[in-house]
> 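Just passing along the structure, written as structure tokens.
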Amino acid sequence: MRRSLLNATLQTALNLLVFTIVGTTLLATTYSQTRQTIARSEQTEKLKLIGQIMPSNLYDNDILKDTLSIAPDALLGTAVATNAYRARLHDQPTGLIVEAIAPDGYSGKINLIIAIHYDGTIGGVRVVEHKETPGLGDYIEAAKSDWIKGFDGKALDSSATQAWQVKKDGGQFDYMAGATITPRAMVKAVRKALEFFSEHRQELFVPSGAAAKSSQER
Amino acid sequence: MTRQIFKDIFFNGLWKQNTGVVQLLGMCPILAVSNSVVNAVSLGLATTVVMALSGAAVALIRNVVPNEARIPVFILIIAVLVTVIQLAMNAQMHGLYLVLGIFIPLIVTNCIVLARIEAFASKNPATQSALDGIAMGMGLTAVLAVLGGIRELFGHGTLLSGIDLVFGETAKSLVITVLPGYHGFLLAILPPGAFVVLGLLIALKNWLSLRTENKLPAGTPITLSSHPA
């Protein structure tokens with residue numbers, strides 16, 4: 001009796017083990033097969049986004065090569081080093097494209113890229129990745145609505161920090177009823193990115209080679 | 001496989017045991033995603049694929065798995081299949097993945113998949129199980145399409161909006177604006193709207209079923225063991 005119970009248990013465990021190994025192998029194979037293609041399409045997607053927020057008449061340099069590695073920074077919400085792209089016209093800096101993360105979306109992080117003109121105005125903001133509620137919080141995608149274009153041309157105004165909030169909180173940014181947490185997180189993240197830009201503007205445009213590591217010096 | 005079994009499987013999936021309005025399984029994705037026709041149908045089709053494949057896979061191994069270990073093994077199979085599909089879609093159809101990406105992992109937690117595997121695939125051969133998955137998935141897709149259509153119509157006054165995300169820019173002309181200048185009815189888009197419309201659909205289905213039952217001679221036989229656990 002005892003022996004058969006042990007046998008049955010072992011058999012069940014062995015069975016589970018076999019299925020787990022087969023499943024893991026399948027997953028690992030698919031992952032390694034698709035990883036490069038996925039990374040490539042994500043890169044292409046990112047480049048397409050950059051084209052939307054930094055019009056090509058604002059720069060004549062090779063923007064994809066003129067990058068700057070920015071160390072993790074609390075104002076950008078980043079946890080790993082990110083690449084920023086620098087736009088220059090006739091060797092004069094005209095703008096910067098940075099990645100930022102809004103940590104407090106309704107369902108976790110919202111990954112953004114933000115184009116900031118050299119004078120500190122927003123060129124444009126796009127959402128790269130998010131997990132907000134489909135059909136409710138996803139109006140932050142440029143494909144779903146024009147909401148995100150509300151950031152265009154805005155700048156930090158020291159006299160009116162109040163303005164960098166959604167209308168419900170007394171600010172200037174629209175929101176949609178039923179989904180206020182999402183735009184709140186977005187507005188906060190963009191405002192902080194602008195603060196980061198104004199604090200580090202000089203170091204950010206040091207020609208590549210002598211690249212500044214922004215936040216490590218703070 | 002006889003014609004009768006084939007007919008029974010599809011009658012069950014599309015009407016008698018319809019997952020959306022009869023079994024009421026997998027409500028979470030149904031309610032969350034049915035705010036437009038394109039979203040609803042896309043998720044419905046993705047679920048259909050997963051159900052057909054997992055049904056066939058489970059049917060093939062059903063005699064090897066000990067009874068005690070079957071649920072973890074079934075879940076494992078579903079999760080692996082969904083993840084493989086998600087990775088493959090991300091690599092091969094990146095545009096569609098960007099639209100559906102966040103819904104795909106939800107399919108694992110959709111209890112209709114596990115319910116059909118437990119109730120059908122673990123007791124029937126692979127071909128029937130795959131067909132059952134397709135039939136159930138199509139029934140779900142049909143309900144999702146109607147639900148999404150009604151909610152989108154009342155919520156936005158359009159049909160098929162967002163279809164360009166699936167088929168590219170050229171498909172934009174397929175969007176039908178039924179009510180031009182319509183300001184939208186927010187409740188239809190929000191979750192309560194989903195509950196209200198689904199309730200109406202269930203009532204309609206019950207009414208139609210009762211009517212046909214009264215006309216037909218009692219006891220039209222449905223032979224397959226397909227009642228949910």
Side-chain angles (χ1 to χ4, degrees), chain A residues 5 7-46 48-49 105-108 110 127-139 141-145 176-179, chain B residues 29 31-36 39-40 43 57 61 64-70 72-95 97-103 105-106 148 151-152 155-156 161-162 164-165 184 186-187 189-194:
Chain A
L5 184 67
N7 257 347
T9 313
L10 275 179
Q11 215 160 27
T12 309
L14 200 69
N15 205 292
L16 268 179
L17 185 69
V18 169
F19 276 104
T20 315
I21 291 172
V22 171
T24 314
T25 318
L26 251 173
L27 278 189
T29 319
T30 318
Y31 175 72
S32 61
Q33 289 291 315
T34 53
R35 192 181 44 173
Q36 278 187 339
T37 327
I38 292 174
R40 216 177 312 128
S41 31
E42 273 169 5
Q43 187 73 11
T44 325
E45 207 60 33
K46 204 178 263 181
K48 233 165 52 191
L49 280 176
Y106 187 70
S107 316
I110 306 172
V127 175
V128 183
E129 202 182 343
H130 75 87
K131 299 189 179 67
E132 301 306 291
T133 318
L136 202 55
D138 61 356
Y139 62 86
E141 288 173 32
K144 297 262 163 81
S145 90
M176 286 187 196
Chain B
L31 298 172
V33 178
S34 62
N35 51 11
S36 79
N39 278 354
L43 187 80
I61 54 106
V64 190
V65 184
N67 201 35
E68 299 79 22
R70 67 184 199 284
V73 170
F74 294 169
I75 293 276
L76 187 79
I77 290 175
I78 300 171
V80 166
L81 273 172
V82 168
T83 314
V84 166
I85 289 176
Q86 188 190 6
L87 286 171
M89 236 173 110
N90 193 348
Q92 303 304 327
M93 298 180 277
H94 197 69
Y97 175 77
L98 290 180
V99 187
L100 284 181
I102 53 176
F103 304 137
L106 276 181
R151 291 179 67 194
E152 189 181 342
H156 289 307
S161 74
D164 50 308
L165 296 174
L186 188 64
L187 180 73
I189 297 298
L190 294 178

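Note on naming: letters A, B, ... go to the chains in the order of the sequence lines (proteins, then strands), and numbering restarts at 1 for each one.
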> Say you draw a straight line from CD1 of Ile38(A) to CD of Gln92(B); how long is it, rounded to the nearest 0.5 Å?
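Rounded to the nearest 0.5 Å, the CD1-CD separation comes out at 9.0 Å.
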> Quick one: what part of Leu76(B) sits under 4.5 Å from any heavy atom of chain A, side chain, backbone, both or neither?
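Contact with chain A involves the side chain of Leu76(B) alone.
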> Among residues at least two apart in sequence or on other chains, which ones pass side-chain contact (heavy atoms from CB on, under 4.5 Å) with Thr12(A)?
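Partners of Thr12(A) by the side-chain contact (heavy atoms from CB on, under 4.5 Å) criterion, ordered by chain and then number, come out as Pro66(B), Glu68(B), Ala69(B).
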> I want to check something: taking the side chain as every heavy atom from C-beta on, are Asn90(B) and Thr34(A) in contact at a cut-off of under 4.5 Å?
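Not in contact.
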> Give, as side chain, backbone, both or neither, the part of Ile61(B) having an atom under 4.5 angstrom from any heavy atom of chain A.
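Only the side chain of Ile61(B) comes within 4.5 Å of chain A.
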> I'd like a table of donor-acceptor pairs (distance under 3.5 Å, sequence neighbours excluded) in which one partner is a side-chain atom from residues 22-31 of chain A, with atom names and distances.
| from | atom 1 | to | atom 2 | distance (Å) |
| --- | --- | --- | --- | --- |
| Thr24(A) | OG1 | Thr20(A) | O | 2.5 |
| Thr25(A) | OG1 | Ile21(A) | O | 2.5 |
| Thr29(A) | OG1 | Thr25(A) | O | 2.5 |
| Thr30(A) | OG1 | Leu26(A) | O | 2.7 |

